[in-house]
2 protein chains.
Amino acid sequence: MTLTADQQQIIERIGVFFETKGNQPILGRIIGLLMVADDAEATFEDIQKCLFVSKSAVSQALTLLQSQNKVEYITKPGERKRYFRLKIRNWKVDIQDDLRKVFKFNEIIEEIISLRGNKNEEFNSYLKEVSNFMQFMEAELPKLIEKYKKQIE
Amino acid sequence: MTLTADQQQIIERIGVFFETKGNQPILGRIIGLLMVADDAEATFEDIQKCLFVSKSAVSQALTLLQSQNKVEYITKPGERKRYFRLKIRNWKVDIQDDLRKVFKFNEIIEEIISLRGNKNEEFNSYLKEVSNFMQFMEAELPKLIEKYKKQIE
DNA sequence: TTGTTGGTTCATAATTTTATGAACCAAATA
DNA sequence: TATTTGGTTCATAAAATTATGAACCAACAA
């Protein structure tokens with residue numbers, strides 16, 4: 001498999017995106033490769049050669065991505081090689097998870113509120129306001145997704 | 001300033017939360033301290049002593065947090081010390097930014113779509129579907145925030 | 001004018017994260 | 001049976017991140 005300069009570049013950008021989300025560089029690049037590859041799949045060897053990394057790095061990264069349900073592989077008749085692909089069915093779920101993660105902080109905020117004294121009531125009410133906003137958003141999110149589902153029907 | 005065991009514990013949890021969002025450990029802990037502190041503020045010395053870190057670490061972390069608009073300081077008459085606080089007015093904005101960041105990936109997806117060949121149309125249409133979902137969510141988000149604002153009036 | 005307080009700066013030490021290479025293994029092939 | 005293919009495993013090297021300490025500075029106090 002050979003990549004164009006455009007493809008190489010966008011793989012790096014995808015890599016950076018996933019890296020800033022807290023993943024190690026190679027994971028994002030593999031996801032990137034699987035996204036830009038013409039047939040949306042790549043063998044172990046493809047990954048190693050396209051990304052210029054060691055066998056062990058590829059092996060470990062793939063193990064991780066599979067454990068995270070981000071990647072799976074298929075096989076082809078008469079071949080021993082694995083063809084790795086993105087487990088794309090999970091994406092919308094991933095997006096929702098990312099959104100929920102933002103509101104996850106509300107759990108901590110609620111704990112803080114219950115712990116705080118009354119030395120700074122202004123801050124306390126700010127906290128409550130933020131908490132309220134998060135609660136609202138968290139509750140509305142599923143409704144929004146329902147709305148989307150109806151819209152595409 | 002002395003912290004209870006409860007306060008110490010929650011500071012660590014806040015620290016971990018911010019750390020997994022890609023920040024260095026000390027930043028999250030400082031934010032945590034400013035959240036649980038009774039008067040919602042702390043001096044340079046307070047921070048150093050409560051978090052058991054060096055002067056330089058505190059100085060560098062505070063510079064960063066201030067540059068990120070997360071922290072500010074006030075002074076008190078007759079005192080040279082700075083009292084650091086969370087710039088709490090920015091929080092709802094921060095939350096919105098975090099949400100937008102999730103959809104930011106759509107820019108990359110759109111680029112990928114325009115770059116992809118037609119070797120795997122199934123994958124192509126999956127990509128379009130995900131992109132569509134993100135576009136929808138991104139467009140609805142401001143409406144949701146409007147709805148919230150009206151609701152609290 | 002000397003010392004103290006409240007910091008800042010920067011080179012580098014300590015730690016953590018990430019990638020490597022060598023050894024290994026099972027299945028298929030020669 | 002020996003060799004090749006397609007990987008895995010693990011100790012550690014390399015790189016990146018984070019924290020430290022020493023030197024410094026300005027403002028104020030003695």
Side-chain angles (χ1 to χ4, degrees), chain A residues 1 8 11-12 14-34 37 41-68 70-85, chain B residues 1 8 11-12 14-34 37 41-68 70-85:
Chain A
M1 187 161 53
Q8 297 221 35
I11 288 174
E12 293 307 310
I14 297 167
V16 170
F17 185 88
F18 280 87
E19 212 177 321
T20 50
K21 280 201 351 177
N23 301 293
Q24 61 192 86
I26 202 179
L27 300 185
R29 293 207 186 99
I30 291 178
I31 289 172
L33 176 58
L34 297 178
E41 61 186 27
T43 65
F44 193 100
E45 205 195 347
D46 289 336
I47 296 172
Q48 215 199 310
K49 299 222 163 134
C50 290
L51 304 184
F52 309 98
V53 285
S54 66
K55 268 173 89 169
S56 45
V58 174
S59 175
Q60 287 169 87
L62 285 174
T63 303
L64 219 145
L65 286 170
Q66 288 173 97
S67 82
Q68 292 175 350
K70 294 221 172 72
V71 164
E72 63 188 348
Y73 68 83
I74 58 154
T75 49
K76 298 189 179 181
E79 277 190 72
R80 261 179 80 203
K81 279 183 184 174
R82 295 169 187 174
Y83 290 81
F84 296 92
R85 318 177 144 193
Chain B
M1 188 160 52
Q8 297 221 35
I11 288 174
E12 293 308 309
I14 297 168
V16 170
F17 186 88
F18 280 87
E19 214 177 319
T20 49
K21 279 204 348 178
N23 301 293
Q24 59 192 89
I26 202 180
L27 299 185
R29 293 206 187 100
I30 291 178
I31 289 171
L33 174 59
L34 297 178
E41 62 186 26
T43 66
F44 193 100
E45 206 194 346
D46 289 336
I47 296 171
Q48 216 201 309
K49 299 222 162 132
C50 290
L51 305 183
F52 309 99
V53 286
S54 65
K55 267 173 91 169
S56 45
V58 174
S59 175
Q60 287 169 88
L62 286 174
T63 302
L64 220 144
L65 287 170
Q66 288 173 96
S67 82
Q68 292 176 350
K70 294 220 173 73
V71 164
E72 63 188 348
Y73 68 82
I74 57 154
T75 50
K76 298 190 179 181
E79 276 190 72
R80 262 179 79 203
K81 277 184 187 175
R82 294 168 188 175
Y83 289 81
F84 295 92
R85 317 176 145 194

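In what follows, chains are A, B, ... by sequence order, proteins preceding strands, each numbered from 1. Since the model is a prediction, treat every value here as computed from it, not as a measurement.
Of all heavy-atom pairs spanning B/Glu41 and B/Tyr83, the tightest one is OE2-CD2, 3.5 Å. B/Ile47 approaches B/Ala42 most closely through the heavy-atom pair CG1-CB, 4.0 Å. Residue A/Lys70 comes nearest to A/Ile31 through the heavy atom pair CD-CD1, 4.0 Å, listed as atom of the first residue, atom of the second, then distance. Heavy atoms only, all atoms of each residue included: A/Ile14 and A/Gly28 are closest at CG2-O, 3.7 Å.
Relative to the side chain of B/Gln24, the nucleotides D/dT8, D/dC10, D/dT18 differ in distance, and D/dT18 lies closest. In this structure, the nucleotide among D/dA22, D/dA19, D/dT5 sitting nearest to the side chain of B/Ile26 is D/dA19. Which of C/dT18, D/dC10, D/dT20 sits closest to the side chain of A/Gln60 comes down to D/dC10. Distances from the side chain of B/Ser54 to the nucleotides C/dT20, D/dA19, D/dA22 place D/dA19 closest. Closest to the side chain of B/Ser56, out of C/dC10, C/dA27, D/dA19, is C/dC10.
As a whole-Å value, the separation of A/Phe44 CZ from D/dG7 C1' is 6 Å. What separates CZ of B/Arg80 from C1' of D/dA27 is a distance of 5 Å, to the nearest Å. Between B/Glu45 atom CD and C/dT5 atom C1' the separation is 10 Å, expressed in whole Å. Distance, A/Glu79 CD to D/dG7 P: 10 Å, rounded to whole Å. Protein atom NZ of A/Lys21 is 19 Å distant from nucleotide atom P of C/dT17, rounded to whole Å. Summarising the geometry, the separation between CG on A/Leu51 and P on C/dT20 is reported as 11 Å, rounded to the nearest angstrom. Atom NZ in A/Lys55 sits about 16 Å away from atom P in D/dC10, given to the nearest Å. Note: NZ (A/Lys49) to C1' (D/dG6) measures 12 Å, nearest angstrom.
Checked by distance alone, B/Ser59 brings no side-chain donor or acceptor within 3.5 Å of a matching partner on the base of C/dG7. Remark: the A/Lys81 side chain and the D/dG6 base include no donor-acceptor N/O pair separated by less than 3.5 Å.
The phosphate of D/dG6 has neither OP1 nor OP2 within less than 4.0 Å of any side-chain N or O from A/Arg82.
Residue A/Thr43 holds its OG1 atom at 9.5 Å from NZ of A/Lys76, rounded to the nearest 0.5 Å.
The residue among B/Val53 and A/Leu62 whose nearest nucleotide of DNA chain D is located toward the 5' end is A/Leu62.
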